[in-house]
There are 2 protein chains.
Amino acid sequence: MTKTEKKTSRAEQKARRPQEILEAAFEEFTVKGYTATRVEDVAARLGVTKGTVYLYFPTKDVLFEEMFRHMSTPFADLLASVDTLGGSAADRLRALLLLAYDKIADDRKTRELLRLSLSEGTRFPDIVDRHHEEFIAPLIAAIGSLVEKGVASGEFREGAVAKFPDVVASSILHIAVWRLMFADRRPIDGPAFIDAHLDLALNGLLQRS
Amino acid sequence: MTKTEKKTSRAEQKARRPQEILEAAFEEFTVKGYTATRVEDVAARLGVTKGTVYLYFPTKDVLFEEMFRHMSTPFADLLASVDTLGGSAADRLRALLLLAYDKIADDRKTRELLRLSLSEGTRFPDIVDRHHEEFIAPLIAAIGSLVEKGVASGEFREGAVAKFPDVVASSILHIAVWRLMFADRRPIDGPAFIDAHLDLALNGLLQRS
DNA sequence: TATCACTGACTAACGGGTTAGTCAATTGCA
DNA sequence: TGCAATTGACTAACCCGTTAGTCAGTGATA
């Protein structure tokens, strides 16, 4: 493949290699897990051999860590975009959750990173902690500030949610975990589930007297 | 250890062995995952050698499957006990969720089985599906029927929750996943989290006008 | 433009270490 | 002593990480 490609120059190929390897590694690691994945299989996905992978990454450990970093796409911009939205606090909360849903539960990449965080987290605790800092904490903070604003404006009532803003996001996690567990064997309608949760979270279950 | 024990007769020891092995296997598999776990380490936990394990279980695969089955303690009785409870629908819902919390998020055994379902689920899909049938589906059904009764009695309003009863349980899953990810590095107050979620789910976020 | 010395990305094969599963020998209870 | 439980050495296969050697591609020279 590499040899017959006339279009890509040697320099271009070399520049491309690291990303190619990291993406192939993602596929293998997510399907088989860290230990069961063979570096040789990662290489085979690109039509190269194990030795090539070791030219770019010193060990299997580092390959995994850099793969995780490379596949973690930041969504600070996503959270920022919510601030520009107008409408009621409820509307903005809904918009934020749907955006988070797209990024977390509906995106295979992020979902599989969640699986790896749980399955290999004890082996790579600093990866999990970094993931918390960069992804989980900002999302919870965004939800928290949105709820706070809603309370300040009088649209939302005060309640225990202020202490645990993440209860609002648990439905997203729920969908992601469900899909990781059952794949296509038990499909789940994500947006409908989110809306059911929003209906519950906004209006509550109790009859309004 | 086994050798020096004078109390247990040979027959007793032999009868005990399978359970002992399955419990040792649980410890090893949950810490290291399926592939990284060595059968020899499972045996070493009991002070015996690999050969003994193979005397009771034909392969590592079967050992894993039977371990999973052995560690899955049913909670049909738990769900049944809720039916005997009196009080308002809200009270009973709270009781059910706290019971489910104890069994799922607060119990290390169940929590680690969730981790294994996610990490090794693609390798053992029928284990995951059986787990759904025996644990997840009954729990969702119990919540659903409780909500339904609340609606019938007029205590609960009708809403999208009827279609997705599991949105009510997502906070439990949330706590379990959180603890699997961060262990003791980021403690989470389970009951307080549940109550925050219940406050949200019962009363809603919107100011009552 | 044609030639050719040189570079460096890649390969192939291997060393060293590990592990699932087997089975003949051993141990110690009844 | 007889027998069942257990051992642990063994095999066959596996896989990480290494390295000497290859050859396609590059660029300087005439």
Side-chain angles (χ1 to χ4, degrees), chain A residues 1-29 31-68 120 123-124, chain B residues 1-29 31-68 120 123-124:
Chain A
M1 175 177 291
T2 302
K3 294 171 187 174
T4 56
E5 283 277 355
K6 295 296 176 193
K7 285 288 173 56
T8 50
S9 75
R10 239 176 158 199
E12 282 168 343
Q13 184 61 279
K14 179 176 184 177
R16 234 189 285 277
R17 272 282 180 258
Q19 287 84 16
E20 287 180 344
I21 293 171
L22 291 175
E23 271 146 38
F26 170 78
E27 298 297 333
E28 290 293 319
F29 280 132
V31 171
K32 311 202 188 185
Y34 176 78
T35 310
T37 291
R38 302 184 308 148
V39 176
E40 184 126 30
D41 290 340
V42 173
R45 269 184 187 264
L46 307 174
V48 298
T49 58
K50 198 171 37 161
T52 304
V53 174
Y54 279 100
L55 283 176
Y56 295 89
F57 302 97
T59 64
K60 193 183 173 186
D61 274 43
V62 170
L63 176 61
F64 183 87
E65 286 173 7
E66 300 217 356
M67 176 280 290
F68 202 102
E120 316 294 349
R123 199 189 299 270
F124 301 98
Chain B
M1 176 176 291
T2 302
K3 293 171 188 173
T4 55
E5 283 275 358
K6 296 294 175 192
K7 287 287 172 59
T8 51
S9 75
R10 243 177 156 203
E12 283 167 343
Q13 184 61 277
K14 182 177 183 178
R16 234 191 284 278
R17 273 278 182 259
Q19 286 84 15
E20 286 180 347
I21 293 172
L22 292 175
E23 270 146 41
F26 170 79
E27 297 299 332
E28 290 294 318
F29 280 132
V31 172
K32 311 202 187 184
Y34 176 78
T35 311
T37 290
R38 301 184 311 146
V39 176
E40 184 122 30
D41 290 341
V42 173
R45 269 185 185 264
L46 306 175
V48 298
T49 59
K50 196 168 42 158
T52 303
V53 174
Y54 279 100
L55 218 54
Y56 294 89
F57 302 97
T59 64
K60 191 183 173 187
D61 274 45
V62 170
L63 176 62
F64 182 87
E65 286 173 7
E66 300 218 356
M67 174 278 289
F68 201 102
E120 316 294 348
R123 200 189 300 268
F124 302 98

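A note on names: the letters A, B, ... follow the listed sequences, proteins ahead of strands, and every chain is numbered from 1. What you see is a predicted model; the values in this text were computed from it and never measured.
- Put simply, CD on B:Glu120 and CD on B:Glu65 are 12.0 Å apart, with the number rounded to the nearest 0.5 Å.
- Counting to the nearest Å, the C1' atom of C:dT18 and the NZ atom of A:Lys60 are 12 Å from each other.
- Atoms NZ and CG, from A:Lys14 and A:Leu55 in turn, are 8.5 Å apart once rounded to the nearest 0.5 Å.
- Only at 4.0 angstrom or more do the heavy atoms of residues 32-41 of chain A sit from any atom of DNA chain C, so none qualifies.
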Under 3.5 Å, N/O pairs linking protein and nucleotides 2-5 of chain D:
from  : atom 1 : to      : atom 2 : distance (Å)
D:dA4 : N3     : B:Arg10 : NH2    : 3.1
D:dA5 : OP1    : B:Lys14 : NZ     : 2.7
D:dA5 : O4'    : B:Arg10 : NH2    : 3.2

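- Residues that satisfy the salt bridge (Lys or Arg N to Asp or Glu O under 4.0 Å) test with A:Glu20, not counting sequence neighbours, are A:Arg17.
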Provide a list of protein-nucleic acid N or O atom pairs under 3.5 angstrom, restricted to nucleotides 12-16 of chain C.
none

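- Looking at B:Asp61 and B:Phe124, their side chains come closer than 4.5 Å, going by heavy atoms from C-beta outward.
- Nucleotide C:dA9 holds its C1' atom 11 Å from the CD1 atom of A:Ile21, rounded to whole Å.
- Here the straight-line distance linking atom CD1 of A:Ile21 with atom OH of A:Tyr54 works out to 11.5 Å at 0.5 Å rounding.
- Atoms CZ and CD, from A:Arg45 and A:Glu28 in turn, are 4.5 Å apart once rounded to the nearest 0.5 Å.
- Aromatic ring orientation, A:Tyr34 versus A:Phe64: perpendicular (interplanar angle above 60°, classes split at 30° and 60°).
- Taken to the nearest 0.5 Å, the NZ atom of B:Lys60 stands 11.0 Å off from the NZ atom of B:Lys50.
- Atom P of nucleotide C:dT19 and atom OH of B:Tyr54 are separated by 12 Å, given to the nearest angstrom.
- A search for side-chain contact (heavy atoms from CB on, under 4.5 Å) contacts involving A:Phe26 returns A:Thr30, A:Met67, A:Met71, A:Arg108, A:Lys109, A:Glu112, A:Leu113, not counting sequence neighbours.
- For B:Asp41, the salt bridge (Lys or Arg N to Asp or Glu O under 4.0 Å) test picks out B:Lys32, B:Arg38, with sequence neighbours left out.
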